[in-house]
Amino acid sequence: MSQTNKLKIFNDPIYGFITIPNTLIYDLIQHPYFQRLRRISQMGMSYLVYPGAHHTRFHHALGCMHIMQKAVQTLRFKGIAISPEEENALYIAILLHDIGHGPFSHAMEHSIVEDIQHEQISLLFMEQLNVEFEGQLALAIKVFKGEYHRKFMLQLISSQLDMDRMDYLKRDSFYSGVAEGNINSERLIQMMNVEDDTLVIEEKGIYSVEKFLVARRLMYWQAYLHKTSVVAELTLVKILKRAKELYHKGIILEASKPLQYFLEKKIKIEQFDAFVLEMFSYLDDYDVLSAVKAWQFNEDIVLSSLCKMIINRDLLKIKMMDEKPTKETLQPYKEEYAKMTGLSDKELDYFVFKGNLKNQAYNKQSEPIRILKKDKTIEDVVEASDQLHLKALSKPVTKYFICFPKVILGKGGF
């Protein structure tokens, strides 16, 4: 294939045309590891609440690369030296930052692969690709791991105001229709600068940062932590947990080979060798959804009931509470459901349980968003802002909930 053929453009509903900057990036996008992201949805089970939220992590990764191109242009215009090698490393690192996500990723991180963060798997994929591409990803990996001496480069990829957050807020808001999440990423990028090797936002961009933080808080409550999305995701976690339990009892379930592999084995990060990584690369949303479709007819009443809830969108009732619920809070629900179904106490835990939701739009303990003032001093955005609500946004808010089957309500409820 001739090189000119590789400089393609994508038409993106958010930014318009996205250009592939060079042939290496094109080849990475074409790689099966990256193409797999077309089959992994960006917002998990949120489509059960917002029917338009069917966009993929492929979409998002390209969007991140596009705004990274804009950021590099802006910083160079302001006199920040970025070499062609560094520029390419930034594009590769942001393009591949989410490549380690599994299907319905946050549900996966708690069920199929245990205690493994998607960032760790992203790094494993990047290292494998670096072997295949003969070391051309070495600098990108260094930046991604935070081992490169120019600190601001990592902040562009992973911080409280990085390209990742800028794209997913704008994109998720667009596809879900939650207008409150829309942010002005163009203005935020135009206001970026680097001072003492640290990413800063010029003072006149402070209102855009405030809007960004408010949008993030609203998107969490209205979309990511929407109670129906939460209960759907928790149901999926319970489905995969039950499937694993049945596998360990020697009951073989109908599932694709890669899904069977992860259900049968307890994989920890140190066991993630080239073979396990290859198996993981075959897993996507289709494996999980086709399994859920098949398992709704399984003889195991727990597994089949949970699967039907997802397939027919007839989910558990989720009740929000101000106080942290106790075991005693759950007891009457368990007793009522036990009377109706004859399930054991352990099985009842799949249908009656408690949890909490945490939302913190800005974390003061983490890497701060720095505002570069006109007198060249640098301040944390919370101190620089005249908006009192920013202080409130930096406090974590916790909401509690209990989940239980809706049929209990039909019996008079509690």
| request: In plain terms, say whether D349 and K238 are close enough for a salt bridge, that is, a side-chain N and a carboxylate O under 4.0 Å apart. | output: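 Judged by the 4.0 Å cut-off on N to carboxylate O distance, D349 and K238 do not form a salt bridge.
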
| Basic-acidic side-chain contact under 4.0 Å: R76, E87 |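 Answer for the salt bridge query: yes.
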
| field | K319 to Y333, cation-pi by 6.0 Å centre distance and 45° axis angle | value |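 The answer is no, since K319 fails at least one limit relative to Y333.
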
| query | Could K399 and W221 be counted as a cation-pi pair, given that NZ or CZ must be under 6.0 Å from the ring centre and within 45° of the axis? | reply |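 Yes, a cation-pi geometry.
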
Please report whether the ring centroid of [Y] lies less than 6.0 Å from that of [X].
X	Y	value
H101	H60	no
F34	F58	yes
F174	Y168	no
Y337	F351	yes

| request: Sequence neighbours left out, what passes ring-ring contact (aromatic ring centres under 6.0 Å, His included) with F272? Give chain and number order. | output: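 For F272 the ring-ring contact (aromatic ring centres under 6.0 Å, His included) partners, ignoring immediate neighbours, are F280.
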
| query | L37 and T56: which non-hydrogen atoms are nearest, and at how many Å? | reply |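 Smallest heavy-atom distance, with atoms named: O-CB, 3.4 Å.
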
| Nearest atoms (heavy-atom pairs only) where A71 meets M192 |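 Looking at all heavy atoms of both residues, the shortest contact is CB-SD, 4.4 Å.
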
| Non-neighbouring partners of Y175 that pass side-chain hydrogen bond (donor to acceptor under 3.5 Å, both in side chains), sequence neighbours left out |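 With neighbours one apart ignored, the set is H59.
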
| D167 and Y15: side-chain donor and acceptor closer than 3.5 Å? |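 Distance-only check passes for D167 and Y15.
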
| Does a donor on one side chain and an acceptor on the other come within less than 3.5 Å for Q155 and E367? |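 Checked: Q155/E367 side chains pair up, N/O donor to acceptor below 3.5 Å.
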
| task | State, yes or no, whether a side-chain contact exists between I29 and I20 at a heavy-atom distance under 4.5 Å. | result |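 Yes - at least one pair of side-chain heavy atoms lies under 4.5 Å apart.
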
| Residue list, salt bridge (charged side-chain N to carboxylate O under 4.0 Å, His left out) with E202, at least two apart or on another chain |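 Applying salt bridge (charged side-chain N to carboxylate O under 4.0 Å, His left out) to E202 gives K78.
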
Among pairs that include at least one residue of [range], which meet side-chain hydrogen bond (donor to acceptor under 3.5 Å, both in side chains), considering only residues two or more places apart or in two chains?
range	answer
residues 296-305	R242-D300
residues 277-292	Y33-E278, R39-D284, S256-D287, E278-Y282
residues 134-151	E86-Y148, E86-R150

| query | Hey, is the main chain of N182 close enough, under 3.5 Å, to the side chain of S173 for a donor-acceptor pair? | reply |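 Such a contact is found between S173 side chain and N182 backbone.
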
| said: Under the criterion side chain to side chain contact (heavy atoms under 4.5 Å, CB included), I'd like the reasoning laid out for Q128 against E132: C-alpha separation, chi angles, the key distance, then a yes or no. | reply: CA-CA 7 Å; Q128 181 59 36; E132 288 181 35; 3.6 Å; yes

| Per the side-chain contact (heavy atoms from CB on, under 4.5 Å) rule, which among L90, D197, V194, L139 passes with M153? |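 Result: among L90, D197, V194, L139, L90 is the only option passing the side-chain contact (heavy atoms from CB on, under 4.5 Å) with M153.
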
